[in-house]
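Read the structure below first, then the notes.
Throughout, protein chains are lettered first and strands after them, A, B, ... in sequence-line order, and every chain is numbered starting at 1. Just so it is clear, the values below take in all heavy atoms, side chains as well, and ignore hydrogens, waters and symmetry mates.
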Amino acid sequence: MAIDKRVKSAGDALADVADGATVFISGFGGAGFPNLLIRALREQGTKRLTLVVNSATHRYSLTHELIEAGQVSKVICSAARGAGKDLSPFETLLKAGKIELTCLPQGTFAEAIRAGGAGIPAFYTPVGVGTDLTRGKEVRRFGERDYVLEPAIQGDLALVRADTADQYGNLTFRYAQANFGPVMATAARLAVAEVRAISDQPIPHTQAQLPGIYIDRVVLAAE
Amino acid sequence: MAIDKRVKSAGDALADVADGATVFISGFGGAGFPNLLIRALREQGTKRLTLVVNSATHRYSLTHELIEAGQVSKVICSAARGAGKDLSPFETLLKAGKIELTCLPQGTFAEAIRAGGAGIPAFYTPVGVGTDLTRGKEVRRFGERDYVLEPAIQGDLALVRADTADQYGNLTFRYAQANFGPVMATAARLAVAEVRAISDQPIPHTQAQLPGIYIDRVVLAAE
Amino acid sequence: MSTVKTQPLNRRQMAWRSAQDIADKSLVNLGLGMPLAVADYLQPGRDVFFQSENGVVGVGPLATADKIDTDLVDAGSRRVTLRPGATIIDSASSFAMIRGGHIDVSILGAFEVAANGDLANWDMRVPDKGPLVGGAMDLAAGARAVWVIMEHTTRKGAPRLVGSCSLPLTAVRCVKRIYTDLAVVDVTPAGFVVLEVLEGMTPEELATKSGAPLTFAPGWKPLSAPPIADAD
Amino acid sequence: MSTVKTQPLNRRQMAWRSAQDIADKSLVNLGLGMPLAVADYLQPGRDVFFQSENGVVGVGPLATADKIDTDLVDAGSRRVTLRPGATIIDSASSFAMIRGGHIDVSILGAFEVAANGDLANWDMRVPDKGPLVGGAMDLAAGARAVWVIMEHTTRKGAPRLVGSCSLPLTAVRCVKRIYTDLAVVDVTPAGFVVLEVLEGMTPEELATKSGAPLTFAPGWKPLSAPPIADAD
């Protein structure tokens, strides 16, 4: 049967997500947040999620809705500080010990996800050596410098925002919209993309930025 | 001064390569061999080179000319078998102990170069565990599987074939021409690209496949 | 459609037999030699992407003379075309795809397969010839399933299904299934399990041509293939 | 052009001073806050690429209202434009660029810098607030040169150039140069070496505002900047 990854709705795309899933969420600085899918995940009501998301508190991302709804038991991120002096819902949960947090340097976060999709179980990096964020991790010298061993991150589901898709799941991204989306798709067992437009024709190989084999389902996100 | 990486000739581009340099050479299966630059390196006459090249013996690559000219003391590759039953010049030198060889699985070769450009000194991979190609290397268990530690590869010079360039060194590649070129450019102190055409206008960001910051010099290779 | 009897499968028939087991919508990598022919024999209606190590995701048919482009090659340096929806990535990304477990099936040629799944397919120990490993180790270690197509014995009659490999290994414990000219064999924690035996051949005869104990699956079937002229 | 005397440099003047040292054809990453203003004060004729952690290589000026595109942002979520020759890569590739030593200069804000180059710029230990490290550790550990722009002392007068950092570290032994409102200071194996002191200020006075010994470079100069209104 001809490969066709288009599904009717975000709800359909996420119907089989299970409690306890590890979920990647793309987006950075206002670009590439899969807010249609995040909203669908909230409505779906899945519990005890581990979110792997660069920022747990970015104001343009609906990630906070999942957290406020009590669906999240753990967050892996590089940023979890709410704006202003008052505590954000995330910070309140964190203070109350109701949510677990792993904070990683952003490049380690990205590389660990890339490793998760690339069959690399762990890699050494100079980033974070001698800091609180690598406390307890293995440090090893190569040449004249110390490096820390960082494990790969893999997940059950990736929610990715892109610009266009075709039936094969090939994706294009606008400007800085890609950010973590491509590596997240590679590291997840199931990857779902929401896009501005779905092309009737295959996206030419000169334009595709992520091979469709990394994407399992595509949903149109009406603007 | 406006950035402009275009140089007049391949000879000019390689004038300052020193004896003993580690040189990356792009290309795979007939696509992406920087033969103009390889020829220039032969004419330049640099000695005691370490070549990092996927195949030391591919018939469409001029790599063999460097080897036959006695300019090469070591090769790091995934393929070094000459066609036919007779020994190739490379194999004759190898048999005579006049050239050193490191053979790596092709994916380890590519990933080690990528690591070299990405600040990763070493990474674990499942590839090659229990085989002759990883003999003596550290093996470590993650989860239920054994992995081998592979070091990054860095070099002094990368010779890369691409399709088009602009004055900033941004590159596009045709079809399967990219292969090892992009990662080789990132792992070399000096990266030189030969291209079919140089665009007067900047290559649009939607088309550029390698950021020009990885390329130091660009040469036009008349077809 | 008549079937071949007692005659061992030829190379293209082995490729055909293997092709019958490729699931719809798979991502498959075909090794050099016999495995490449697998693409010609997919079951009708199955939509499959073929990946090539040099970064082509969606290899199409070989290029006809008027369509040849020297930049559009596969890992065997063959001038190929792209299928609809094909993309092309660089080598580091391609092997990330392979090593990361995104290839559903890697179909490889082999010299030997051991009862524990060890694979030897890259080094025949030809004196003085240089090594050529290419992407074999990556595919063997990285694909979700590794299938082998090989003759059941060498030309001299030595078994290729063995207790342990005598040639240098490509990867340990990786092979899941073997398609030979005489049988279809699964590699399981309990060793070789035969699923199909060449029509007209007895289990005992197959056992004599194998270098390690064979178990016969309950309800094992006769192996046959439609007539296909062998490759040149 | 008159120069400011004895008045400490304001934030934009500190950015200006730092900008004077950016070499032609550099690749530079500017941290949030004060460092962002550096882009406004490059020496005439210097062609510089600004990289942003989210993958924009060649950040141009802020977008004017009619040019705003919410997908074209920098690491500070600012709506920006692209300069000629700009490219955009994904986050993993962007941090490969950063970690791989391809950024010539990373200019960061800081709370404290130690005499051995240790940097503290990410965690003020505000009770109960969540952590926010972003790309700071990657930039500090990965760039070829790390420069810091910060006031010489805290608002309460405590030194920010210290013997060892009291706040959590961003990276060890990474800072090469510090631009403050009072001085330009190199961090060397021998500790802090002052290159410039605010015009009219004595070395002794600068030393009292510093938390670790200062060495004064032979031929150290007075620090001054053209008048620039401070940022809001």
Heavy atoms of B/Y147 and A/G119 approach each other most closely as CE2-O, 4.2 Å
Looking only at heavy atoms, which of residues 98-118 of chain A get nearer than 4.5 Å to chain B?
-> A/E111, A/R114
For chain A, which residues of residues 48-55 of chain B have heavy atoms nearer than 4.5 angstrom = none
Bottom line for B/R140: the part with an atom under 4.5 Å from chain A's heavy atoms is side chain
Is any residue of residues 163-175 of chain B within less than 4.5 Å of chain A by heavy atoms, and which ones?
-> B/Y175
Rounded to the nearest 0.5 Å, the OG1 atom of A/T125 sits from the CD1 atom of B/I120 at a distance of 5.0 Å
For chain A, find its close neighbours in residues 14-34 of chain B: heavy-atom separation under 4.5 Å, sorted by number, or none.
-> none
Bottom line for A/F142: the part with an atom under 4.5 Å from chain B's heavy atoms is side chain
